[in-house]
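Take a look at the structure below.
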Amino acid sequence: MSDNISEKTITATLEKLEKLKLGGDLHAELSWCWNSYRADNNPEGVIEKSKEALELFKTKREENSRAVSKKLVDDLEKIASK
């Protein structure tokens with residue numbers, strides 16, 4: 001697996017999306033892409049959905065800086081920059 005795509009980051013992202021009820025179907029889409037990535041090692045879907053989650057989390061942090069940790073945002077930026 002790619003060094004930039006961490007299971008811990010994706011799991012934390014999925015948990016935060018669910019907890020904050022953000023992104024509508026994004027949780028299901030990212031989950032599907034993650035499972036697909038684990039099967040075929042094609043990171044395109046994970047990267048695309050991580051970028052969407054990152055934008056949502058940045059917006060949420062602007063509203064309330066404690067809603068989403070800076071570390072999670074930083075970790076997602078590493079995935080999105082791939």
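Excluded from the calculations below are hydrogen atoms, water molecules and symmetry mates; all remaining heavy atoms, backbone and side chain alike, are included. Index from 1, following the sequence. Model, not experiment: these values are computed from the prediction.
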Just wondering, do [Y] and [X] contact through their side chains at under 4.5 Å, heavy atoms?
X     : Y     : answer
Ile10 : Ser50 : yes
Asp75 : Ser6  : no
Phe57 : Leu22 : yes
Leu17 : Leu56 : yes

About how many Å separate [atom2] of [Y] and [atom1] of [X], when rounded to the nearest 0.5 Å?
X     : Y     : atom1 : atom2 : value
Arg38 : Cys33 : CZ    : SG    : 13.0 Å
Leu76 : Lys71 : CG    : NZ    : 10.0 Å
Lys21 : His27 : NZ    : NE2   : 10.5 Å
Tyr37 : Asn42 : OH    : CG    : 9.5 Å
Leu14 : Glu7  : CG    : CD    : 10.0 Å
Thr13 : Glu52 : OG1   : CD    : 12.5 Å

message = Could you check whether any side-chain N or O of Thr11 sits under 3.5 Å from a backbone N or O of Lys8, counting only pairs where one atom can act as donor and the other as acceptor?
response = no

request  = Inspect the contact between Lys60 and Glu63 and indicate whether a charged nitrogen and a carboxylate oxygen are less than 4.0 angstrom apart.
outcome  = yes

Please identify each residue that fulfils side chain to side chain contact (heavy atoms under 4.5 Å, CB included) with [X], with sequence neighbours left out.
X     : answer
Lys70 : Arg61, Asp74
Ala28 : none
Lys58 : Leu54, Glu55, Val73, Glu77

query = For the hydrophobic clusters of this structure (ILVMFWY residues joined by side-chain heavy atoms under 4.5 Å, transitively), does one cluster hold both Trp32 and Leu26?
reply = no

request  = Decide yes or no on side-chain contact (heavy atoms from CB on, under 4.5 Å) for Trp34 and Ile5, but give the supporting numbers first.
outcome  = CA-CA 10 Å; Trp34 173 245; Ile5 300 179; 3.4 Å; yes

